Protein chains: 2
Amino acid sequence: MRPVTPETSAEGAPDDGISRRRLLGTAGAVGATGLVLGAAGGAASYAAAEEKPTALATVGSTGIAFHGRPHQAGITEPQQAHGHLVAFDLAPGAGRKEAAALMRRWSVLAGELMAGRPAGDSDTGVALDAGPSSLTVTFGFGRSFFDRTSLVAQRPPGLDPLPSFSSDRLDARRSGGDLWVQIGANDALVAFHALRTIQKAAGEAAGVRWQMNGFNRSPGATARPMTARNLMGQVDGTGNPKPSEPDFDQRVFVPSGGDHPWLAGGSYAVVRRIRMLLDDWEKLPLHQQEKVIGRRKSDGAPLTGGTETTELALDATGPDGKLVIPDNAHARISAPEQNGGAAMLRRPFSFHDGIGPDGTPDAGLLFICWQADPLRGFVPVQRKLDRGDALSPFIRHEASGLFAVPGGPRKGEYVGQRLLEA
Amino acid sequence: MRPVTPETSAEGAPDDGISRRRLLGTAGAVGATGLVLGAAGGAASYAAAEEKPTALATVGSTGIAFHGRPHQAGITEPQQAHGHLVAFDLAPGAGRKEAAALMRRWSVLAGELMAGRPAGDSDTGVALDAGPSSLTVTFGFGRSFFDRTSLVAQRPPGLDPLPSFSSDRLDARRSGGDLWVQIGANDALVAFHALRTIQKAAGEAAGVRWQMNGFNRSPGATARPMTARNLMGQVDGTGNPKPSEPDFDQRVFVPSGGDHPWLAGGSYAVVRRIRMLLDDWEKLPLHQQEKVIGRRKSDGAPLTGGTETTELALDATGPDGKLVIPDNAHARISAPEQNGGAAMLRRPFSFHDGIGPDGTPDAGLLFICWQADPLRGFVPVQRKLDRGDALSPFIRHEASGLFAVPGGPRKGEYVGQRLLEA
Ligand code: HEM
Ligand code: HEM
């Protein structure tokens with residue numbers, strides 16, 4: 001038995017008593033009433049209700065609910081230490097029926113895995129001993145999915161192909177895909193186990209198109225949960241919309257009442273494998289590196305002063321009369337105020353696939369951003385960055401994907417059911 | 001400032017007060033006397049001595065000493081969550097002098113990095129915010145190093161090439177190397193930062209030959225520190241020699257008084273990239289998987305009963321009169337009793353380099369084993385496994401390395417100094 005501490009997000013609909021009880025495995029003596037948890041203090045009373053108190057540390061014991069939330073997990077949750085991205089194409093001959101069966105299988109499995117339970121009788125045992133470790137499994141549909149399933153009428157314009165950008169160096173074999181799965185967890189074996197389980201459950205219905213591995217800082221490596229750093233050494237994530245802001249949902253999630261009701265509560269994920277040209281970057285002196293972004297490297301504060309959370313003083317000039325945050329600084333160009341309010345939630349993983357024969361690291365950012373509409377998020381910002389970002393000489397976009405990620409499944413529902421059974 | 005909690009191993013000579021004080025960075029008010037720590041309680045008094053108490057959690061704050069220990073770090077320390085293995089070849093034209101300068105640079109850097117300090121003025125900042133996170137950096141010399149540095153007379157017979165085994169499928173480009181560096185840490189960015197720092201410091205003296213990434217369970221993902229699991233789902237490491245056993249040192253470390261005094265306190269690392277054929281393995285029913293090893297998958301206990309630490313009852317037979325632990329079971333064949341006492345300390349990382357175009361994962365074990373003499377460790381055991389291990393159909397040795405790893409450097413000394421300046 002691997003007991004879990006369910007994490008009830010403020011926005012999450014409370015889970016039902018029965019599925020929570022099942023989380024307890026053999027703890028049959030506990031009545032269902034004791035298991036209905038409020039958003040606060042839930043973890044503590046949950047642990048107290050157990051027959052044997054769990055000795056799992058927080059890293060292992062934190063579990064995130066798959067069902068019963070307005071949005072899929074893996075979007076607003078803290079970035080995990082390990083990530084796997086995998087895209088699948090439906091098998092030749094597979095259509096809507098096979099896709100529906102696959103999404104049903106995957107959703108059942110994701111629910112079990114995220115609760116820290118084994119994936120049925122043939123579980124490989126790789127995740128044994130650990131708790132759910134904040135595992136999230138998130139599913140999305142690519143543009144081609146709708147052709148393959150004869151659902152073109154249901155395809156939202158948000159899935160129109162991204163424009164090409166002048167700096168694109170995209171590898172088609174590592175781009176696109178009918179289906180996309182994002183896996184994140186705070187334990188490497190839990191994440192690998194989920195990837196392998198999802199892949200095997202694809203069976204004859206779909207095959208892997210591409211797969212990428214990523215990582216973030218380990219829980220406990222820093223003094224407190226902090227904004228992530230990337231492999232250029234920058235604090236990365238500061239300017240993100242915050243769930244506490246009134247327009248957060250509007251920016252990140254597809255509203256209900258639109259033309260495509262199946263996508264209500266969902267989001268669009270733009271995925272870019274962005275290689276960092278670290279040899280060139282690291283040759284740049286610190287003060288120039290900081291001008292490239294417009295923020296200090298040490299703590300992410302704007303070059304115009306303050307702390308990480310201080311606003312950029314975009315008009316401030318230095319003693320030389322020049323802008324302190326240069327015209328082409330990445331944080332200036334990408335800011336919503338500079339893009340008619342266009343905003344996205346960036347939730348990336350770093351990647352490092354070894355050192356190539358030329359001695360340069362195959363490393364960078366698995367950039368993932370979430371928005372209610374790519375045309376009011378990634379596209380206008382990337383268009384502008386493409387024209388004049390000071391960061392451009394140091395990065396290379398090598399792969400690209402755009403996926404419509406449905407809202408969270410209700411209990412008993414599978415992801416995409418409202419599309420596939422409409 | 002990234003304060004650290006030095007970890008004084010029972011065997012480790014205490015570090016000097018001055019270098020510990022430097023760990024405190026700006027905490028100049030603290031007298032050196034307050035910094036001489038015993039093996040127990042050291043962490044607490046160290047933290048208390050600080051101006052501002054550190055809020056770093058254990059994962060980040062644990063630091064391991066580089067200098068002043070009889071053996072290099074990274075051999076007996078607990079396996080870390082992230083590992084990088086990298087082999088270098090000396091540049092054309094580089095010889096003993098360049099190698100000595102390189103080892104000196106690397107040793108200084110390793111000491112700084114393992115203490116959680118930045119790597120000089122040009123530090124990339126990637127490890128900022130985190131503590132040392134149990135970073136270890138371990139250096140070894142391959143057979144070819146001695147040709148390149150005209151030190152063939154100093155080359156120990158332990159570096160004679162490993163025999164070929166019938167099941168070898170070795171890729172020469174990912175095998176061997178003049179120099180080998182093993183990096184382990186409990187934070188991915190700390191590990192990456194160390195790899196990148198070490199690689200850049202090679203400068204003109206040496207170039208990367210091959211590089212591999214690995215991982216283990218995260219601290220805190222399991223209820224208590226447990227024996228690792230590998231990607232086949234097995235508990236892996238149970239039979240390892242224990243530091244508490246009287247013959248541990250004799251098995252793992254090169255004694256002093258031998259023909260090659262520079263290697264006293266050192267060890268030999270055998271490194272094998274072993275691919276797991278997971279599609280085949282996972283098709284095998286659980287009870288057959290367990291017979292392949294001779295131990296239960298759930299908890300690693302012998303098939304003859306008991307718990308993980310119970311001895312294998314190698315002669316026990318079942319109701320059918322057959323051996324319970326089959327003749328070709330991996331744990332039987334590899335046990336020291338079956339190999340004239342040959343033993344090694346296995347301290348591997350798992351690897352997963354993505355899913356190949358054929359859909360099979362490029363995953364397995366970065367097998368690393370440590371022994372006083374490869375001919376009384378890896379070689380006889382692998383010879384026997386090669387002939388009849390039930391595990392053989394499910395694994396493939398894809399790369400190989402053998403490195404002589406000198407003892408721990410004294411304060412002010414660099415790794416290999418006793419060889420290179422003899
Ligand atoms: C490897 C590539 C990239 C790196 C290293 C990088 C790094 C950074 C850094 C260090 C910041 C400042 C701190 C922060 O607010 O997070 C930032 C801000 C930002 N970046 Fe990037 N970025 C990259 C690519 C992109 C791309 C492709 C986009 C979108 C097209 C993007 C959009 C943004 C946005 C919207 C902000 C926040 C601006 C604000 O609201 O203040 N970035 N990035
Ligand atoms: C991917 C390849 C391998 C896997 C999955 C594997 C797995 C295991 C497992 C599950 C055990 C039982 C638990 C334990 O004592 O740790 C074990 C034991 C052992 N293995 Fe392996 N092993 C592999 C390769 C090797 C190789 C190449 C060697 C050395 C040539 C080796 C030497 C040993 C030894 C010495 C033991 C302990 C036996 C004892 O003292 O009881 N293994 N291995």
Side-chain angles (χ1 to χ4, degrees), chain A residues 54-60 81-82 86 122-126 128-131 133 173 186-190 192-193 195-196 199-200 207-208 210-213 215-224 226 229-235 278 281-282 286 297-298 350 352-355 359 361 363, chain B residues 54-60 81-82 86 122-126 128-131 133 186-190 192-193 195-196 199-200 207-208 210-213 215-224 226 229-235 278 281-282 286 297-298 350 352-355 357 359 361 363:
Chain A
T54 169
L56 276 180
T58 331
V59 171
H82 298 272
V86 52
S122 62
D123 189 88
T124 59
V126 169
L128 282 178
D129 309 327
S133 304
R173 288 161 310 171
N186 279 328
D187 179 71
L189 278 86
V190 168
F192 179 84
H193 177 252
L195 172 64
R196 183 89 189 125
Q199 188 201 346
K200 285 202 293 184
V208 172
W210 54 258
Q211 197 269 311
M212 299 175 189
N213 299 328
F215 56 85
N216 282 299
R217 191 131 259 174
S218 295
T222 58
R224 52 193 161 78
M226 297 178 87
R229 266 184 209 277
N230 61 39
L231 297 186
M232 287 178 154
Q234 302 143 350
V235 177
L278 291 178
W281 171 255
E282 292 171 7
L286 178 65
K297 230 176 135 183
S298 58
S350 290
H352 171 225
D353 291 337
I355 299 174
Chain B
T54 169
L56 273 181
T58 332
V59 170
H82 298 273
V86 53
S122 62
D123 188 88
T124 59
V126 170
L128 282 178
D129 310 326
S133 305
N186 279 328
D187 179 70
L189 279 86
V190 168
F192 180 84
H193 177 252
L195 172 64
R196 184 89 189 124
Q199 188 200 345
K200 284 202 292 185
V208 172
W210 55 259
Q211 196 268 311
M212 298 174 190
N213 299 329
F215 57 86
N216 283 300
R217 192 131 258 174
S218 294
T222 58
R224 53 194 157 78
M226 295 178 87
R229 267 185 207 275
N230 61 38
L231 297 186
M232 287 178 153
Q234 302 143 351
V235 176
L278 291 178
W281 170 254
E282 292 171 7
L286 177 64
K297 232 176 134 183
S298 57
S350 290
H352 172 224
D353 291 337
I355 299 174

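Every value quoted in this text rests on a predicted model; they were computed, and no experiment measured them. Chain naming here is simple, since letters A, B, ... match the order of the sequence lines and numbering starts at 1 in each. In what follows, every heavy atom counts, from backbone to side chain, and hydrogens, waters and symmetry copies are set aside.
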Thr222(B) side, atom OG1; Leu128(A) side, atom CG - distance, nearest 0.5 Å: 12.0 Å

Chain A shares the most heavy-atom pairs under 4.5 Å, among Leu195(B), Asp353(B), Leu189(B), Val208(B), with Leu189(B)

Check each atom of Gln199(B) against the heavy atoms of chain A and say whether the ones under 4.5 Å are side chain, backbone, both or neither. side chain

Side-chain heavy-atom pair Arg217(A), Met226(A) within 4.5 angstrom cut-off: no

Distance-minimising heavy-atom pair for Ala188(B) and Ser218(A): N-OG, 4.3 Å

Arg173(A) versus chain B, the contacting section by heavy-atom distance below 4.5 Å: neither

Here the pair of heavy atoms bringing Arg229(B) nearest to Val126(A) is CD-O, 4.0 Å

Please classify the contact of Ser133(B) with chain A as side chain, backbone, both or neither, using a heavy-atom distance under 4.5 Å. side chain

What are the two closest non-hydrogen atoms of Ala363(B) and Leu231(B), and how far apart are they? CB-CD1, 3.9 Å

For residues Asp187(B) and Phe215(A), determine if any side-chain heavy atom of one lies less than 4.5 Å from a side-chain heavy atom of the other. no

At a heavy-atom separation under 4.5 Å, does Met232(B) approach chain A through its side chain, its backbone, both, or neither? backbone

With chain B, which of Arg196(A), Lys297(A), Met212(A) has the greatest number of heavy-atom pairs at distances under 4.5 Å? Arg196(A)

Any idea which of Asn230(A), Val86(A), Leu278(A) has the most non-hydrogen atom pairs under 4.5 angstrom with chain B? Leu278(A)

